[in-house]
Structures are given as C-alpha cells and as structure tokens.
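Here's the structure we're looking at; comments come further down.
FYI, the numbering just counts along the sequence from 1.
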Amino acid sequence: MSDDETDASLVDGALEDWRRERPDLDVSAVAAVGRLAFVAENVVGPVGNRAVERHGIGKGEFDVLATLRRRGAPYTLSPSVLSAELMMSRAGMTKRLDRLEKAGMLTRALDADDRRSFRVSLTDEGRRVVDAALTDLVSALSALVSHLTDAERDGLDRALTALARAGKESGAVATTSDP
C-alpha cells in the first residue's frame, strides 16, 4: 500500500471485487464495518496506546487502573468485579494485577467482610499514573475527533450507539454478566 492509499481505497477495492465476484450479495454493510474496523485498529488503537504507554503502562494495565479510579474513593474492587467489568478471564486479570502490584500501582488485601476474597486498591502512585495517562488519552482522542464537525461527531456517536445496541440485542455482544 502506498502512502497515498487509504482505508477508503482498500475497502472500495474489496467491495468492487466482491460486487464482481458475488453480484448476488449486497455487500454495502462491508464498507461501513470495514472502515470501522480499520479506524479502530489503525487509528484509534495506536493513538490510545501511545497516550498511555508514555506513562509506563499498556492498555490492559490502564484499563484496570482506570476502572478502579473511575469508581471513586477508596478506589477498591474485588478481582472478580474487575474481571467482569473488563470482560476478561480471572487468570488474565491475576496476571495484570501481579504486574501492577509489582510496579507499586495497586495493593491486594484480604476483604475485611469476607476473608475468603481479596480487595484490590489503587495506590497513590497508581492514581498519579492513571490520572496522567487519562489526561493524555483524552487529549489525544479529542485531537483526533477535532477533525470532525459537531454534526459528524454527533452522528458518529449515534450510529455507534445504535450499532452497539443492535449487537447486544442480537446476542452478538458479551455482557459483563457473561462468564
């Protein structure tokens, strides 16, 4: 792909190919979904990753810290709640928690109300890191969407909300209550 080629030309080329090879199918949905996937993977993802990685954490670690932070003081949750909210396995969550605890960004302690389970808490260092990373992330994403008009931004938000709702209603989207 040359520097002048964009996702539009790649998606348009694929659509043209499919229309030629399978004229019996309406592949117009492929255009919208293809562009959405391209933007998520090649634009939004890298912009977000760069914003948080400047603070010595990856997206996964940011997600854990941000989930604790947005819950408010005392910035504490159980590992099972974190796993459910981030839609990941408990084993995967344990690995993330181990890394963040080793880095001094969170602590784990027995739950005072149920000594069979643990509570995960944000440390002062974890709060400092997630606040700085969030500030950079919001700035980077704001700069990205600043290329859209207010009407385009509102339309995109409405369209993505409707698409997410349709996915959930069809059962295509996992929810936090899923195992």
Side-chain angles (χ1 to χ4, degrees), residues 7 36-150 152-165 167-168 172-179:
D7 69 296
L36 175 62
F38 180 90
V39 169
E41 187 173 330
N42 297 289
V43 181
V44 176
V47 165
N49 289 340
R50 281 191 301 273
V52 300
E53 287 171 355
R54 282 193 286 264
H55 301 279
I57 57 175
K59 182 194 177 309
E61 288 81 16
F62 173 80
D63 290 345
V64 172
L65 296 174
T67 300
L68 289 166
R69 176 66 172 100
R70 71 181 167 80
R71 283 305 199 62
Y75 314 111
T76 301
L77 291 171
S78 70
S80 59
V81 169
L82 282 167
S83 294
E85 286 206 16
L86 296 175
M87 295 185 278
M88 63 181 301
S89 72
R90 290 184 184 192
M93 179 57 65
T94 297
K95 289 179 184 179
R96 284 187 188 172
L97 296 178
D98 288 346
R99 286 191 302 265
L100 288 166
E101 186 175 36
K102 185 176 180 182
M105 292 186 205
L106 59 79
T107 60
R108 284 185 273 199
L110 283 174
D111 186 331
D113 297 328
D114 179 1
R115 301 208 29 99
R116 294 171 297 163
S117 79
F118 285 87
R119 304 290 287 171
V120 177
S121 299
L122 202 56
T123 63
D124 290 342
E125 175 64 5
R127 184 173 174 190
R128 183 195 67 73
V129 169
V130 73
D131 282 351
L134 180 62
T135 298
D136 283 355
L137 177 62
V138 168
S139 177
L141 295 178
S142 294
L144 187 59
V145 299
S146 73
H147 296 277
L148 303 175
T149 66
D150 288 346
E152 288 170 332
R153 234 181 348 265
D154 291 345
L156 178 62
D157 185 51
R158 282 192 310 277
L160 293 174
T161 298
L163 190 58
R165 187 180 316 109
K168 186 174 180 180
V173 176
T175 63
T176 56
S177 62
D178 290 342

Close side-chain approach of Leu106 and Tyr75, heavy atoms under 4.5 Å = no
inquiry  = Using side chain to side chain contact (heavy atoms under 4.5 Å, CB included), reason through Leu137 and Arg54 one step at a time and then give a plain yes or no.
reply    = CA-CA 10 Å; Leu137 177 62; Arg54 282 193 286 264; over 6 Å; no
query = Is there side-chain contact between Leu160 and Leu36, with at least one heavy-atom pair below 4.5 Å?
reply = yes
query = Taking 4.0 angstrom as the limit, do Glu125 and Arg128 come out as a salt bridge?
reply = yes
ask   = Between CZ of Phe62 and CE of Met105, what distance do you get to the nearest 0.5 Å?
value = 12.0 Å
inquiry  = Under a 3.5 Å distance rule, please check whether Ser146 uses its side chain to pair with a backbone N or O of Ala143 as donor and acceptor.
reply    = yes
ask   = Any idea which heavy atoms bring Pro74 and Thr76 closest together, and the distance?
value = O-OG1, 3.1 Å
request  = Measure the CG-CZ distance between Leu134 and Arg127 for me, rounded to the nearest 0.5 Å.
outcome  = 12.0 Å
key: Close side-chain approach of Leu97 and Leu82, heavy atoms under 4.5 Å   = yes
ask   = Are Arg153 and Asp150 ion-paired here, with the side-chain N under 4.0 Å from a carboxylate O?
value = yes
Heavy-atom closest pair, residues Val47 and Ala140 = CG1-CB, 3.6 Å
key: With Glu61, the side-chain hydrogen bond (donor to acceptor under 3.5 Å, both in side chains) member among Arg99, Arg96, His55   = Arg99
query = Taking C-beta and beyond as the side chain, do Leu100 and Val120 meet within less than 4.5 Å on heavy atoms?
reply = no
task = First locate atom OG of Ser121, then atom CD of Glu101, and finally report the distance between them rounded to the nearest 0.5 Å.
result = 10.5 Å
key: Rounded distance [0.5 Å steps], CZ in Arg70 versus CG in Leu122   = 12.5 Å
inquiry  = Counting C-beta onward and ignoring hydrogens, is there a side-chain heavy-atom pair between Arg90 and Ser80 closer than 4.5 Å?
reply    = yes
note = Taken to the nearest 0.5 Å, the spacing of Arg50 CZ from Asp136 CG works out to 12.0 Å
request  = Supply the atom-to-atom distance Thr67 OG1 to Arg69 CZ, rounded to the nearest 0.5 angstrom.
outcome  = 12.5 Å
task = Could you tell me which residues satisfy salt bridge (charged side-chain N to carboxylate O under 4.0 Å, His left out) with Glu41, sequence neighbours excluded, listed by chain and number?
result = none
query = Any donor-acceptor pair under 3.5 Å linking the side chain of Ser83 with the backbone of Met93?
reply = no
message = Working note: Lys59 + Asp63, criterion salt bridge (Lys or Arg N to Asp or Glu O under 4.0 Å); need CA distance, chi angles, decisive distance, verdict.
response = CA-CA 6 Å; Lys59 182 194 177 309; Asp63 290 345; 2.7 Å; yes
key: Flag, side chain of Thr161 to backbone of Asp157, donor-acceptor distance under 3.5 Å   = yes
